[in-house]
Amino acid sequence: QVQLVESGGGLVQPGGSLRLSCAASGSMFSSIAMGWYRQAPGKQRELVAGITSGEGTNYADSVKGRFTISRDNGKNTVYLQMNSLKPEDTAVYYCNRIMNIGGSWRAWGSWGQGTRVTVSL
């Protein structure tokens, strides 16, 4: 069973940057689309960025131009570079495998423990 381990979260001031990492166990990583999700207190988990096996990317409107998703298949790792952070980016961030179903990306498989990002003075 694939395990996902997120890291890199922390406390950062508005306007700052963080880079999140998600290490995946198992084979076939390079052929799987991956996504970063976040869940803020009292809100539903939302997809913020996705990357296909061919390294095509997509972003939620709220993070376009500020976040960049990338992957290193040699390390079985997907990254999320977050710049110009805002207080509304505060959430627990998770990665997961994703697939396109009917034009929408959906997560599949078990979730990791997530990594907490807090944007505050």
Side-chain angles (χ1 to χ4, degrees):
Q1 184 175 352
V2 173
Q3 290 186 322
L4 303 169
V5 179
E6 301 93 341
S7 62
L11 173 64
V12 63
Q13 293 186 350
S17 298
L18 282 175
R19 189 175 83 150
L20 307 183
S21 299
C22 169
S25 65
S27 59
M28 305 298 290
F29 175 81
S30 62
S31 64
I32 298 172
M34 298 292 296
W36 279 100
Y37 287 76
R38 68 185 180 188
Q39 187 167 21
K43 294 188 177 181
Q44 288 190 329
R45 195 170 297 186
E46 62 172 346
L47 178 65
V48 295
I51 186 166
T52 67
S53 58
E55 302 200 19
T57 58
N58 62 86
Y59 299 92
D61 288 344
S62 58
V63 306
K64 278 181 183 176
R66 300 189 299 121
F67 290 10
T68 303
I69 188 171
S70 61
R71 65 191 300 160
D72 184 335
N73 292 332
K75 295 182 178 179
N76 275 22
T77 300
V78 61
Y79 303 99
L80 187 67
Q81 178 67 43
M82 306 187 297
N83 299 328
S84 302
L85 283 161
K86 304 175 181 180
E88 51 263 43
D89 295 318
T90 295
V92 179
Y93 285 72
Y94 303 86
C95 68
N96 210 339
R97 295 136 290 191
I98 56 175
M99 65 170 60
N100 194 295
I101 301 175
S104 297
W105 289 101
R106 295 282 185 260
W108 60 278
S110 57
W111 295 88
Q113 83 290 345
T115 186
R116 185 175 300 275
V117 172
T118 303
V119 185
S120 179
L121 292 171

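Small disclaimer: the values here were computed from a predicted structure and weren't measured. Scope of the values below: all heavy atoms of this structure, side chains included, with no hydrogens, waters or symmetry mates.
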Main-chain N/O of [Y] paired to [X] side chain as donor or acceptor, under 3.5 Å:
X    : Y   : result
T57  : I51 : no
Y79  : T68 : no
T115 : E6  : no

Can you list everything that forms a side chain to side chain donor-acceptor pair (under 3.5 Å) with S110? Sequence neighbours excluded, please.
Q1

Could you check whether K64 pairs with D61 (Lys NZ or Arg NE/NH1/NH2 to Asp/Glu carboxylate O, under 4.0 Å)?
yes

Any residue meeting salt bridge (Lys or Arg N to Asp or Glu O under 4.0 Å) with R19, in chain and number order, not counting sequence neighbours
none

Geometric cation-pi criterion, R66 with Y59: 6.0 Å, 45°
no

Parallel, tilted or perpendicular: which one describes the rings of W111 and Y94, with boundaries at 30° and 60°?
perpendicular

Any chance CD of E88 has more than 12 other-residue heavy atoms, nucleotides or ligands included, within less than 6.0 Å?
yes

Neighbour count >12 (heavy atoms, 6.0 Å) for atom CD, E46
yes

W105 versus T52: any side-chain heavy-atom pair under 4.5 Å?
yes

Minimal non-hydrogen separation, T77 against S21, with atom names:
CG2-CB, 4.3 Å

